[in-house]
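The structure appears below as structure tokens.
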Amino acid sequence: MDDGPVGAEGAPRSTASRPAPPVAPPVIPPDGTGEGHGCTTVLVIDGHDLVGTALCLALRRAGNEAHQIVLGPHDVMLAAAGAYPPGVVLMEPAIGSATSGWDVRVPDLVAALTRTGCRVVALAGRHDGPMLGAMIMAGALGAVPKSAPLETLLTVVAAVAGHQLVMSGGDRARWLGDYARYCWRVEVRSGHVRRLSPRELQVLRLLATGHRAAVISRILSISLSTVRTQISSLLAKLEVASQLEAVAFFHDAIADAGSIAPDRRPSEP
């Protein structure tokens with residue numbers, strides 16, 4: 001399982017580790033065991049097949065009916081989940097990232113599963129702060145770090161199955177705040193990219209793949225002076241000071257285009 005804590009602050013460009021936001025302790029039944037709900041149906045949706053398999057085995061050993069949902073198109077995963085009785089869904093927020101290989105709109109999947117009666121909990125990694133907010137807005141009930149001990153995970157599953165709270169009001173406000181700040185940054189970057197002309201976008205794409213101005217001139221069959229003019233123009237429109245900053249801005253915008261909220265999704269440059 002992920003060895004890092006949940007990210008708690010926005011979606012900064014740095015990938016440095018940050019302290020994990022605390023997961024609100026679930027309300028435990030009077031016997032203090034966190035059990036007593038009988039066999040719970042638990043569906044695991046994780047981008048790492050071995051992690052998902054190991055988690056299912058551990059959940060089964062604890063007396064739950066656990067099944068892994070294989071990553072795939074939205075409708076296929078929803079149909080696979082529908083083959084089982086509504087229960088607890090443990091979902092990794094990062095299944096919608098480019099590295100997963102699937103264009104999964106995680107908040108849409110959370111909302112669809114919630115409508116079927118499932119109770120979704122995020123299996124959160126260290127950099128999932130904004131996506132946690134998006135999942136919670138879509139209906140997720142809370143999050144548990146992937147690095148948490150198995151006993152903690154089992155306690156959360158039992159509490160969620162018993163319709164008990166696993167998220168404090170403070171955690172909810174913080175994660176939704178992270179999401180709102182992230183969406184604002186997405187809108188700013190998207191607005192800047194939309195300022196670029198089609199030719200400036202071509203030049204920026206080529207810069208982002210490591211081509212120098214002279215090479216771009218030959219590729220696009222335009223003069224070197226024209227390329228330099230386009231570069232100066234796109235730097236001004238993106239409000240950055242160098243080509244390196246422009247390339248970083250471009251990659252951030254590409255990452256935004258495959259990320260969180262359908263109503264905030266920028267146009268891919």
Side-chain angles (χ1 to χ4, degrees), residues 1-8 11 17-26 34 40-62 64-72 77-78 80-81 84 86-97 99-102 104-114 118-161 164-167 171-172 174-175 178-179 259-260:
M1 298 177 80
D2 193 311
D3 59 359
V6 178
S17 299
R18 293 176 298 281
V23 175
T40 298
T41 299
V42 184
L43 305 181
V44 177
I45 306 177
D46 194 284
H48 303 86
D49 187 61
L50 288 177
V51 173
T53 300
L55 186 52
C56 284
L57 290 173
L59 288 163
R60 288 170 191 155
R61 284 196 297 269
N64 298 288
E65 182 186 338
H67 305 278
Q68 187 173 5
I69 303 300
V70 178
L71 291 191
M77 287 195 291
L78 196 58
Y84 304 103
V88 178
V89 177
L90 300 175
M91 183 186 300
E92 182 190 23
I95 62 170
S97 68
T99 56
S100 75
W102 294 100
V104 180
R105 303 293 296 168
V106 174
D108 291 350
L109 186 58
V110 171
L113 288 167
T114 300
C118 290
R119 302 174 66 77
V120 180
V121 175
L123 280 174
R126 67 165 64 94
H127 304 304
D128 290 329
M131 181 59 82
L132 289 179
M135 291 178 70
I136 289 165
M137 182 172 285
L141 300 176
V144 60
K146 292 184 76 173
S147 58
L150 177 61
E151 198 57 43
T152 298
L153 180 63
L154 294 175
T155 300
V156 170
V157 167
V160 171
Q164 299 164 11
L165 295 176
V166 293
M167 176 173 55
D171 284 339
R172 177 181 174 83
R174 180 174 61 254
W175 286 327
D178 287 346
Y179 174 51
S259 57
I260 295 176

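Predicted model, so just to flag it, every value in this text is computed and none were measured.
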Test log, rule side-chain contact (heavy atoms from CB on, under 4.5 Å), inputs Val44 and Val51 = CA-CA 10 Å; Val44 177; Val51 173; over 6 Å; no
Quick one: closest heavy-atom pair of Thr114 and Ala138, and the distance?
-> OG1-O, 4.2 Å
Got Leu141 and Met167 here, is their nearest side-chain heavy-atom distance under 4.5 Å?
-> no
Residues passing the side chain to side chain contact (heavy atoms under 4.5 Å, CB included) test with Met137, sequence neighbours excluded, are Leu176, Tyr179
By side chain to side chain contact (heavy atoms under 4.5 Å, CB included), which residues pair with Ala54, not counting sequence neighbours?
-> none
Starting from the C-alpha separation in whole Å, work towards a yes-or-no answer on side-chain contact (heavy atoms from CB on, under 4.5 Å) for Val89 and Ile69.
-> CA-CA 10 Å; Val89 177; Ile69 303 300; over 6 Å; no
Where do Val157 and Val144 land on the side-chain contact (heavy atoms from CB on, under 4.5 Å) test, with the steps shown first?
-> CA-CA 10 Å; Val157 167; Val144 60; over 6 Å; no
May I have all residue pairs that pass salt bridge (Lys or Arg N to Asp or Glu O under 4.0 Å) and include part of residues 133-144, sequence neighbours excluded?
-> none
Partners meeting side-chain hydrogen bond (donor to acceptor under 3.5 Å, both in side chains) with Arg172 (sequence neighbours left out) | none
Sequence-distant partners of His67, ring pair (Phe, Tyr, Trp, His ring centres under 6.0 Å), two or more places apart | Tyr84
Student check: side-chain heavy atoms of Leu43 and Leu113 closer than 4.5 Å = no
Side chain proximity check, Leu123 to Leu55, heavy atoms < 4.5 angstrom = yes
Sequence neighbours left out, what pairs pass salt bridge (Lys or Arg N to Asp or Glu O under 4.0 Å) with at least one residue falling in residues 41-61?
-> Asp46-Lys146
Sort and list the pairs that fulfil salt bridge (Lys or Arg N to Asp or Glu O under 4.0 Å) and have at least one residue in residues 136-145, not counting sequence neighbours.
-> none
